[in-house]
Amino acid sequence: MSEQGTGQQDAEQGYDFKAIQDRWLPVWDELKPFEVPVGHESDKPRKYVLDMFPYPSGDLHMGHAEAFCFGDILARYWRGQGHEVLHPIGWDSFGLPAENAAIKRGVDPREWTYANIAQQKASFRAYAPSFDWSRVLHTSDPEYYKWNQWIFLKMYEKGLAYRKASWVNWDPVDQTVLANEQVLADGTSERSGAMVVKKKLTQWYFRITDYADRLLDDLDALEGRWPAKVLSMQRNWIGRSRGAEVEFEIEGRDARVPVFTTRPDTLHGATFMVVAPDSDLAAELAAGASGPVRMQFQAYLEATQKQTEIERQSTDREKTGIFLDHFAVNPVNGERIPVWASDYVLADYGHGAIMAVPAHDQRDLDFALKFDLPVRVVVDVRDEEGEPLQDPAVSGVATSGDGTMLNSAELDGLGKDDAIARAIETLEARGTGRATTTYRLRDWLISRQRYWGTPIPILYAEDGTMQPVAEAALPVQLPAAAGLDLKPKGSSPLGAATEWATVVDPETGETLTRDPDTMDTFVDSSWYYFRFLSANDPTQAFDPAEAKKWAPVDQYVGGVEHAILHLLYSRFITKVMFDLGYIDFEEPFVDMLNQGMVLLDGAKMSKSKGNLVEFASELEEHGADALRVTLAFAGPPEDDIDWADVSVQGSAKFLARAWRIAHDVEVGGAPVGVAFDGGDKALRRSTHQLLIDGPQLAESYKFNVLIARLMEQVNVTRKAIDSGCGVADPAVRESAEAIAVVLSMYAPYAAEDMWAMLGHEPTVALVEWPKGDESLTVVDEVLMIVQVDGKVRDKITVSASITDADAETAARASANAQRAIGDREIVKVIARAPKIVSIATKPAA
RNA sequence: GCGCAAGUGGCGGAAUGGUAGACGCGCUGGCUUCAGGUGCCAGUGCCCGCAAGGGCGUGGGGGUUCAAGUCCCCCCUUGCGCACCA
């Protein structure tokens with residue numbers, strides 16, 4: 001392969017990234033160094049390094065460049081540490097953008113999607129992440145989505161996939177339902193940006209709430225391995241809340257009404273009940289009320305439903321409500337309390353009804369004061385000085401803290417925790433309540449009324465009974481888009497594909513109709529990391545034996561925007577796979593890195609705002625290596641990078657300096673294979689310190705610091721060549737080789753070219769890091785700090801093996817130190833040889 | 001409102017309780033080349049000083065310690081997340 005070397009590249013020409021890229025791309029295409037064939041056996045330890053796979057909307061952008069840069073650094077790092085690394089790539093290629101583009105331009109979503117994929121593949125090739133291209137997958141391939149359907153059927157069998165009628169989030173622009181997770185905090189759709197409305201529809205759900213406790217509790221084991229932010233967001237989202245269910249009788253109604261409360265201790269202070277206006281209970285109670293109340297309620301319900309999410313969520317809104325003309329009975333004291341409907345109670349949380357304790361809950365208090373309802377204090381809450389807080393009815397401030405119970409019969413005198421425990425005991429003994437837990441997490445709504453997704457493998461008979469498609473009949477392929485009207489119209493376009501939708505049961509001859517909806521594309525991405533393990537296997541979703549070998553993913557890299565959706569769903573599906581016995585672990589991603597965003601002038605880049613840095617043009621102008629070094633050197637990977645603050649030129653300059661060292665060695669250095677033993681000590685020390693420190697820096701994601709160390713190494717090597725030991729010293733070759741190997745995780749092209757100039761065969765990407773030798777890093781003499789009263793007064797050169805006593809003597813002898821001490825009295829001397837001696841003084845007596 | 005991060009030169013950022021500002025960008029001066037926007041050398045936290053040296057300095061205020069950017073308490077600011085969830 002020597003003709004691939006750079007003998008023909010003369011010194012005048014220097015570092016030329018274009019020539020280098022052109023030289024090595026074909027070689028790598030030939031070598032396929034990162035392919036790990038399925039079933040391949042190796043003695044090496046394994047690492048599964050995965051980037052969140054991209055959505056193929058247009059070409060790659062700077063965000064991709066950053067994310068895939070960090071993932072690739074880690075993949076290449078682990079190869080350098082002697083691991084066999086699986087680093088696959090695929091495309092999350094189902095979804096609305098393809099469909100919307102198709103509608104807008106009249107092209108087939110397939111064409112649009114696969115054209116974009118081809119473009120991204122081409123960009124990736126130049127950018128050169130070390131992907132295993134033999135395992136590529138696209139979720140829109142029938143070979144892939146067949147297994148979505150298989151998972152759906154498995155879940156259906158287990159009762160984890162079910163259909164129900166419910167109020168759902170409806171996106172009026174995309175004309176489809178959305179999962180709770182796809183509705184942003186301001187009530188708009190994360191996709192279309194439209195204000196989401198509520199609609200009652202029968203839809204398919206995955207029973208993720210069955211897994212709420214496991215999804216929450218298992219987060220503890222990810223502490224320190226996942227970003228704290230993601231863990232907290234997931235905990236928030238699951239929103240477990242422990243408390244009690246309390247049953248209230250309602251006069252004139254047979255069945256008791258359960259309410260959920262986290263404060264059963266305050267039950268004696270419950271002076272009214274509030275139900276959600278859009279709950280079944282409210283409708284029922286209103287129906288049994290007087291005519292005027294019925295009309296008022298109807299108007300109130302309509303007003304509630306018309307409200308946008310923003311209006312409804314505004315916290316400092318006046319309370320509104322309607323008295324429902326009914327009374328409930330407080331189970332602990334038999335008191336008659338009025339039942340109201342108000343929109344501050346949510347229909348889909350708890351039981352859609354609450355016991356209102358206005359003295360100790362601000363919302364209830366606001367409501368009580370507005371409608372003149374009684375407020376009864378049952379907890380004696382004190383301030384920091386131990387003074388009782390003002391009566392909430394007067395102050396308007398509910399006292400929600402801990403305190404001593406009063407006005408609460410047998411609970412009187414107890415503290416909060418004891419009172420809660422006691423209250424629950426009492427309720428359970430009387431059969432009017434029990435300890436219980438509720439969650440904010442809702443079941444995962446997976447039906448979508450759109451075309452470009454996985455068909456739901458369910459058939460309906462004429463009488464409406466459903467039957468799953470037989471596993472052998474999978475995949476249920478999407479019909480061709482041609483001839484279908486893909487415009488959103490509230491029902492799936494697939495329903496109109498009559499030929500596709502109608503199936504005759506071969507056994508019974510019965511005519512069946514296919515479910516016309518497609519699955520949420522988050523189903524696709526919730527298990528793709530398994531598919532990579534058996535990407536081309538037509539017989540199974542993935543091979544459990546391969547999963548045992550490779551999974552879970554050791555290192556996951558991606559944006560924090562998926563902190564809830566994708567990661568929660570993936571964790572859920574992984575647990576389902578565990579329960580089904582296909583895998584022996586319950587968490588899919590062992591370690592996770594969230595890269596920051598790439599900004600321009602402090603703002604998110606956007607084409608419409610005109611502040612865009614184009615990945616393609618940067619790649620063209622500076623090359624992949626300089627781009628990658630720039631991204632990695634800019635700062636910690638979790639931080640945002642402002643493109644206005646970085647210098648791609650600076651990175652290119654560094655690469656050229658590194659490259660020139662290898663070039664100098666090629667021209668006048670020690671021969672390849674030379675023993676490094678006799679080489680320059682100082683340079684060798686630096687080289688080996690780099691090799692020793694490198695791993696801990698890389699493994700703690702301090703890629704920027706490791707590049708700084710590489711720069712220092714290049715600088716000291718330059719100095720050694722020009723004004724030190726000279727280029728022919730073996731230590732220079734040793735340093736150059738170490739630089740090439742370490743640099744290869746950041747700048748694969750430059751490193752490969754250096755490696756060739758240094759007389760080695762490709763590819764440097766598979767070369768293990770030379771071992772750093774601790775014995776070469778010991779120094780004879782060090783600079784010792786002498787402090788007097790905490791201030792540095794001198795720096796003296798001492799033997800590295802100096803004793804504490806000798807260090808103290810040397811420090812006391814320092815003229816600078818003596819001057820600082822003056823006539824003060826030394827009270828204490830702390831010696832930490834050979835680093836520092838600290839002298840503490842006080843004024844002379 | 002609740003919760004979680006983070007505040008270090010002109011800028012991006014380094015610093016197991018032990019020399020604050022590594023490395024780089026930018027800037028200043030010089031050399032080389034000279035068409036140079038290349039390359040090389042030196043300098044670059046602020047203030048006083050010719051220098052030696054000294055004073056100040058990691059958002060603010062206290063504290064622990066021989067020693068604090070780092071640990072503890074209070075406050076301020078910014079960013080992010082959640083938010084009528086009973």
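By convention in this document, chain letters (A, B, ...) are assigned in the order of the sequence lines, proteins followed by strands, and residues within each chain are numbered from 1.
- The nucleotide B:A86 finds no pairing partner, because no Watson-Crick or G-U wobble arrangement with both distances shorter than 3.5 Å includes it.
- Taking atom NZ of A:Lys719 as the reference point, atom P of B:C40 lies 12 Å away to the nearest angstrom.
- In the model, A:Asn236 has no side-chain atom that pairs as donor or acceptor with a side-chain atom of A:Arg440 under 3.5 Å.
- When the P atom of B:C85 is taken as reference, atom CH2 of A:Trp237 falls 15 Å away, rounded to whole Å.
- In the set B:G39, B:G53, B:A86, B:G39 carries the atom at the smallest distance from any side-chain atom of A:Arg660.
- In this structure, CG of A:Asn236 is placed 13 Å from P of B:A5, rounded to the nearest angstrom.
- Residue-level contact check: A:Ser241 touches the backbone only, with heavy atoms under 4.0 Å from sugar-phosphate atoms and none from bases.
- A donor and an acceptor atom, one from each side chain of A:Thr320 and A:Tyr300, are located under 3.5 Å apart.
- No engagement by A:Arg718 is indicated, since no non-hydrogen atom pair under 4.0 Å with the nucleic acid exists.
- Residues A:Ile354 and A:Ala228 both approach RNA chain B. Their nearest nucleotides, taken by heavy-atom distance, put A:Ala228 toward the 5′ side.
- Salt bridge absent: A:Lys319 and A:Asp343 never bring a charged side-chain N and a carboxylate O closer than 4.0 Å.
- If you check B:G29 for Watson-Crick or wobble pairing at under 3.5 angstrom, you find it paired to B:C41.
- A straight line from CG of A:Asp794 to P of B:A52 spans 14 Å, rounded to a whole angstrom.
- Taking CG from A:Asp265 and NE2 from A:His360, the interatomic distance works out to 8.5 Å, rounded to the nearest 0.5 Å.
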| query | Is there a side chain to side chain contact (heavy atoms under 4.5 Å, CB included) between A:Thr266 and A:Met355 once you walk through the steps? | reply | CA-CA 10 Å; A:Thr266 62; A:Met355 63 177 219; 3.9 Å; yes
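- Judged by Watson-Crick or G-U wobble contacts below 3.5 Å, the nucleotide B:A67 has no partner.
- In this entry B:G81 has B:C2 as its Watson-Crick or G-U wobble partner, both defining distances falling under 3.5 Å.
- For A:Lys229, counting side-chain heavy atoms from C-beta on, the closest listed nucleotide (B:G55, B:A86, B:C80) is B:C80.
- Using Watson-Crick or G-U wobble geometry with both donor-acceptor distances under 3.5 Å, B:G7 finds its partner in B:C76.
- With a cut-off of 3.5 Å on both Watson-Crick or G-U wobble distances, the partner of B:U58 is given as none.
- Taking the ring-ring contact (aromatic ring centres under 6.0 Å, His included) definition, one finds that A:Phe703 meets it with A:Phe70, sequence neighbours left out.
- Residues satisfying the ring-ring contact (aromatic ring centres under 6.0 Å, His included) criterion with A:His562, sequence neighbours excluded, are A:His566.
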| Can you give one letter per nucleotide of nucleotides 7-36 of chain B, going 5' to 3': B for a protein heavy atom under 4.0 Å from the base, S for sugar-phosphate only, - for none? | ----SBSSS--BBS-BBSS-----------
